[in-house]
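Okay, structure first, notes after.
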Amino acid sequence: MKRHLLSAADLTRDEAELVLSTAEEMRSLADRPIKKLPALRGRTIVNLFFEDSTRTRISFEAAGKRLSADVINFAAKGSSLSKGESLKDTALTLEAMGADAVVVRHGASGAPHRLASSNWIRSSVVNAGDGTHEHPTQALLDAFTMWRHLGSLDGRRVAIVGDVLHSRVARSNALLLHTLGAQVTLVSPPTLLPVGVETWPVETSYDLDAVIPKADVVMMLRVQQERMHAAFFPTAREYSRRYGLDGRRMASLQDHTIVMHPGPMVRGMEITADVADSDRSVIVEQVTNGVAVRMAVLYLLLGGSQPAETEQPAETDTEGADA
Amino acid sequence: MLGSPSIHSASFNEPSREAEKEVRRPVTAPEPAAGDTAPQSTHPEGRVVLDARDISRALTRIAHEILERNKGAQDLLLLGIPSRGVPLAHRIAEKIAAVEGGSVPVGSLDVTMYRDDLRLKPARTLLPTEIPADGVDDKVVVLVDDVLFSGRTIRAALDALNDLGRPQAVRLAVLVDRGHRELPIRADFVGKNLPTSLVERVRVTLADTDGTDAVVIEETGADR
């Protein structure tokens, strides 16, 4: 693996599968009386959150702590950032404190990349969401959730529905799921598809009812009103009728199809309460899996002298010499 | 039989966590002498010290010794240390079941994250940990591994076990004890004591994972 996790596209198929299988081992920890592993003892992880987040920050915090790392939470509010400190000076401060990994969420697309490539810091940078660009650990936890329910993702059909334009989750998922062999269809009103989507490894559709009966996974996205500075659809009610997942549409799904949502949900907008609370919904499980997947990522980046290697597939072949 | 020409280079290149112990160990003064005298028959593939039937007999004896020591199969839990310890634990459990009837719970215990040399190599792949639903509390846990060498894996296993619960007792069964302990650890049940030189490498292959049952001693220091 590379030293940083900035984009879902950074991961090869082998690396992505290594994260998933490592996450599977990490997940079993949740059932144990002592939810702690010693792998990152003495390492320092800084959660650098310039944008609001509950689930991702708590998830990274729990992941770091369960691996015995020292976790420092740094939120933009209440820090010197509100006094006008730049990203660079913040980074230099973190470097001086000896951070081994910086988990960064930023409103500007590309901020984690800047942090990683600037030589301001030597630590690993993990992108926890940058603007409307990428959110690779969310894609990994989504893929992990699908993998647990459906087995191999080869040839599986995944429909990602809603505000693709403002969604970093959609982009990361499209890239990662393509790497893992799934077929992704983005379903969205024309106004909410990003420019250049034709270069993504996906199909697109404007018609939800035509796509979902064939889908193995339906992933609903939140309409990100806070990032919308123009009128993208006439009314919320119209959006909801054309692109919302309700009981009627759920009835047209295949029996094994799961319904996902990266959260936070707006019930009644993109998903109705009866769907969100149904047996098909794995939304709560996604949160549980998020901790396991982030543990896997942190372990594989920081657990050894350098990030895990996947070049040698014959790894266990000649193993077995002593105790 | 098992020897492929790649074995020697494999012990240097592949990232098996056991394999590097011989490599990282500096060959200190006493060893060159041992290296001169020790190898009786130096086949490039190494020398087979236990074949499939020897291994089967050793495991049968270990199974009987475990039962004798424990006065039966009650509260027993066999935990194999991946990768080779797991099939060995299953085989011992089968042999115990054949003697006592009933079945003995078997699990696996990965110690990767508890190793003291975790920081010395790139992050390693985790292997499965499967603990039976009853847990380890108040069980007589028998750790099973293929080769006992420095004792560091067992120390890691004891730490891992500590995070899983409080067994009534912990015992250790190994197929081969090759000596050279670096920690105050010993095995309760040993298939074969195998005096070795530090430049040698003990390889256990099992039908479940490698196609054949055998214990082989290879020279790794010879070409250095």
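This one's a predicted model, so the numbers in the text were calculated from it and none came from an experiment. In what follows, chains carry the letters A, B, and so on, assigned in the order in which the sequence lines appear, proteins first and then strands, with residues in each chain numbered from 1.
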Worksheet item: Under 3.5 Å, side chain of A:Y299 to main-chain N/O of B:T125, donor-acceptor pair present?
Response: no
Worksheet item: At their closest point, which heavy atom of B:L118 faces which heavy atom of A:A39, and how far apart are they?
Response: CD2-O, 3.7 Å
Worksheet item: Counting only heavy atoms not in A:N119, do more than 12 sit closer than 6.0 Å to its CG atom?
Response: no
Worksheet item: Measuring heavy-atom distances to chain B, does A:P307 have an atom under 4.5 Å in its side chain, in its backbone, in both, or in neither?
Response: backbone
Item to complete: Check each atom of A:K35 against the heavy atoms of chain B and say whether the ones under 4.5 Å are side chain, backbone, both or neither.
Response: neither
Item to complete: Mark yes when over 12 heavy atoms from residues, nucleotides or ligands other than B:H90 sit less than 6.0 Å from its NE2; otherwise mark no.
Response: yes
Worksheet item: Counting only heavy atoms not in A:D31, do more than 12 fall under 6.0 Å of its CG?
Response: yes
Fill in: Atom CZ of A:R3: over 12 foreign heavy atoms under 6.0 Å
yes
Worksheet item: Is there side-chain contact between A:R32 and B:T129, with heavy atoms separated by less than 4.5 Å?
Response: yes
Worksheet entry | Contacting moiety of B:D177, where chain A heavy atoms sit under 4.5 Å | neither
Discussion item. Taking atom NE2 as the centre, does A:H133 end up with more than 12 heavy-atom neighbours from other residues, nucleotides or ligands that are less than 6.0 angstrom away?
Written reply: yes
Discussion item. Does B:R61, at its CZ atom, have more than 12 non-hydrogen atoms belonging to other residues, nucleotides or ligands within less than 6.0 Å?
Written reply: yes
Worksheet item: Closest heavy-atom contact between B:N162 and A:I34?
Response: O-CD1, 4.1 Å
Worksheet item: Does the side chain of A:E25 come within less than 4.5 Å of B:D110's, by heavy atoms?
Response: no
Worksheet item: If you measure from OG1 on A:T22 to CG on B:L127, what distance do you get to the nearest 0.5 Å?
Response: 10.0 Å
Discussion item. Ignoring hydrogens, what is the shortest heavy-atom contact between B:L164 and A:P33? Give both atom names and the distance.
Written reply: O-CG, 3.9 Å
Fill in: Any A:L40 side-chain heavy atom under 4.5 Å of B:M113 side chain
no
Worksheet item: Within a strict 4.5 Å, meaning less than it, do heavy atoms of the B:R119 and A:S305 side chains meet?
Response: no
